[in-house]
Amino acid sequence: MFVRRSAAVLAATAVIGTAFAPAALADESPGATPSQAFPSALYGSTDPTYDGVWRQSLALLAQDSVDVKPAKKSVDWLVGQQCENGAFAAYRPDPSAKCDAKIKVDTNSTAAALQALEALDASDAVTGAAVKWLKSVQNKDGGWGYFPGTPSDTNSTSVVIGALDAGDTDPKDVPSKDDRTPYDALLGLSVPCDETGGGAFAFQPDKKGGLAANADATAAGVLGALGEGLDADPEEDGADKASRCAGGDSVTIEDAAANGALYLAGAVAKNGYLKSSLPGAEDQPDYGNTADAVVALGAAGRTADAEKPLAWLEKNSGTWAAKSGPAAYAQLIFAANATGTDPRAFGGADLVKQLGATGPAATSSDASTAPADGKNDKDNASDEDDGGVSLWWIIGVGLVGGIGIGFLLSGRNKKQQP
C-alpha cells in the first residue's frame, strides 16, 4: 500500500526537518556513488535508507509466490536486519551494531519482513521474535500506527494483521490492554454506510473524529479485514459480492471487507485506475494503489471488477515499474496472482524476470527468472530504480518538508482519490 512506500520518504522529512533544496530534486532517483556502496544482497540499486527492508521483503515474498527460490544471501540479509527485540527498521547500514534509539524500528517494515520470512520458512526464533514485538506495541484500540506509540491507521493495522496470519497467529486472539482486537480497530476505521464514501476505510480519523474515505487505505483495509497478507490469493467460492453497503449496529468484520471491496469496485469502474493528487498539481494515475486495489478485489472475490484496472495496469504500468523498482514489480506480481493472471505474461512482460533482474540471481532452476543477457545480480537493474517511492511524493514531501511526519502522512492520504 502506498502509505508504506511514501512513509519512507516522509521519515526522511522528519530527519531533515526542512524542505528539499531544488538540487535534491534534480535527479529523480539517484543511484549509488563510488563512496556509497550498497549491499550486493539487496534488491534495487538506490539508497535503501528509507525502504531497504520493505522492498527486500516484497521482492522475496513475490518470488516465493511464483515458486522462485530467492538467493540465500538475500534472505540472510533480511534476517540480519532484525534488531535484538525482534523488530525491523527501514534499513540498518551496519547490522553488526546493536539497535539503539537512533534506529527507528517500525511496524510496517517488521510486518513485511515477517510475511516474507514466514513464506521462506525462516527459523521460529526469527519470526517468533517479530510476532512478539508486534504484539508488544499494539495500541489500546487494537490497531497499530507506523511507529510504536503513534495512532492506529488502517494501512499499518492491516499489514500487521497479514503478518500475524502468516505467523499462524489469529488476529482475533490478539487483544490489546483494553481487550480490543485488530479487527475492532479496523471496524472503527470503516466509514459508515450513510456517510459520504460509505463502506470505504479511512486512513485515520480527523481531529474531530470524522472518517474520510480513502481508496489507498481501503485497499489495505479489505485485505486486513479478510485476514490476508500482501500476496493474497483470489477468492473463488463463498465470496460475499455485496451489491450494497451493509450498515447498522451489527456490522461484522466480514461486512467491512465486503463494503470496502464494493467501494473499490466503484472507484475503479470509470477509468480503470485510482488517482493521487498534490496541491497545485494535476491528478496523476496511481499505479501502486491501483495494483493494491486489484489485489483487494481479487481477494474479496470480485475478480470481474478487477478486470478493468488489471487491464489498465498491463497496458500502462511498464515505465512506472521500471523506474520504481523491486517493490513495484512485486505489487504487480501480487495483482496478477490475486486475479489468476500469469505474471510471466503480464501485458507482454515477464514480471518475474524483471523483478529478478533487480537483485541477486535466484537459486531457482526456472529459466524464465534469469536475465535475458545472462548477467547476474544487478547488471540489469535500472539506474532509475527508486525502490517503489514515487517521484510525485518525493516532490510533495519537498514542498511541505517542515510540517512534520504525522500531519504529512495523514494529509497525503486525504488527498488520494478514486
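Of the possible polar contacts, one joining the T218 side chain to the F201 backbone as a donor-acceptor pair under 3.5 Å is found. For the pair T127 (side chain) and L114 (backbone), a donor-acceptor distance under 3.5 Å is absent. A donor-acceptor contact shorter than 3.5 Å links the side chain of Q56 to the backbone of Y43. A donor-acceptor contact shorter than 3.5 Å links the side chain of N259 to the backbone of A246. Of the possible polar contacts, one joining the S65 side chain to the A62 backbone as a donor-acceptor pair under 3.5 Å is found. Under a 3.5 Å cut-off, the side chain of K308 and the backbone N or O of G272 do not form any donor-acceptor pair. Proximity of a side-chain donor or acceptor of T157 to a complementary backbone N or O of D153 within less than 3.5 Å is detected. Under the 3.5 Å distance criterion, the side-chain polar atoms of Q115 are matched with a main-chain donor or acceptor of V159. No side-chain donor-acceptor contact under 3.5 Å links S152 to the backbone of G145. Using a distance-only test at 3.5 Å, with no hydrogens or angles considered, no donor-acceptor pair links the side chain of T290 to the main chain of Y273.
In this structure, A219 and A296 approach most closely via the heavy-atom pair O-CB, 3.6 Å. Here the closest heavy-atom approach between residue D47 and residue T49 is recorded as OD1-OG1, 2.5 Å. Nearest heavy-atom pair, P171 versus P182, reported as atom, atom and distance to 0.1 Å: O-CD, 3.2 Å. When every heavy atom of V294 is checked against every heavy atom of L310, the shortest pair comes out as CG2-N, 4.0 Å. The shortest non-hydrogen separation linking A225 to Y183 is O-CE2, 4.0 Å. Closest approach of V53 and A113 over heavy atoms only: CG1-CB, 4.1 Å.
I103 CD1 to C83 SG: the interatomic distance, rounded to the nearest 0.5 Å, is 6.5 Å. Expressed to the nearest 0.5 Å, how far CD of E235 lies from CG of L297 amounts to 13.5 Å. D64 contributes atom CG, which lies 11.5 Å from atom CD of E118 (distance to the nearest 0.5 angstrom). Rounded to the nearest 0.5 angstrom, Y329 OH and T358 OG1 are separated by 8.0 Å. Rounding to the nearest 0.5 angstrom, the gap separating the OG atom in S57 from the CG atom in L78 is 4.5 Å. Between the NZ atom in K275 and the CG atom in D283 there is a gap of 5.0 Å [rounded to 0.5 Å].
Two residues are said to be in side-chain contact when any heavy atoms from C-beta on lie closer than 4.5 Å; P205 and L189 meet this criterion. Looking at W133 and T107, their side chains come closer than 4.5 Å, going by heavy atoms from C-beta outward. With contacts defined as side-chain heavy-atom distances shorter than 4.5 Å, the pair L58/F334 qualifies. Residues D141 and S176 are not in side-chain contact: their nearest non-hydrogen atoms beyond the backbone lie 4.5 Å or more apart. Here the side chains of T169 and K135 are in contact, with some heavy-atom distance below 4.5 Å. Annotation: side chain of L117 is in contact with side chain of V75 (closest heavy-atom distance under 4.5 Å). Between V251 and S190, the closest side-chain pair of non-hydrogen atoms is not below 4.5 Å. Using a 4.5 Å heavy-atom threshold, the side chains of W312 and N271 count as separate.
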*Can you list the steps and then say if W54 with F88 is a ring-ring contact (aromatic ring centres under 6.0 Å, His included)?*
CA-CA 10 Å; W54 177 259; F88 286 78; over 10 Å; no
_Between R55 and T46, is the side-chain contact (heavy atoms from CB on, under 4.5 Å) condition met? List the steps._
CA-CA 11 Å; R55 76 194 196 204; T46 55; 3.5 Å; yes
_Derivation of the side-chain contact (heavy atoms from CB on, under 4.5 Å) call for D170 and D165_ = CA-CA 6 Å; D170 190 338; D165 180 72; over 6 Å; no
*Given side-chain contact (heavy atoms from CB on, under 4.5 Å), test Q63 with I333 step by step and report yes or no.*
CA-CA 9 Å; Q63 288 191 317; I333 289 173; over 6 Å; no
*Check the pair R344, V66 against side-chain contact (heavy atoms from CB on, under 4.5 Å), reporting the backbone distance first and the verdict last.*
CA-CA 9 Å; R344 292 181 170 87; V66 292; 4.1 Å; yes
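Screening residues 123-134 for salt bridge (Lys or Arg N to Asp or Glu O under 4.0 Å), with sequence neighbours left out, gives no hits. Pairs engaging residues 80-94 under the side chain to side chain donor-acceptor pair (under 3.5 Å) rule: D94-S96 [sequence neighbours left out].
The only option from T181, L226, L186 that meets the side-chain contact (heavy atoms from CB on, under 4.5 Å) definition with I161 turns out to be L186.
Under the 3.5 Å distance criterion, with hydrogens and angles disregarded, no donor-acceptor pair is assigned to the side chains of N155 and S158.
A salt bridge links R302 with D305: the distance from a Lys NZ or Arg NE/NH1/NH2 to an Asp or Glu carboxylate oxygen falls below 4.0 Å.
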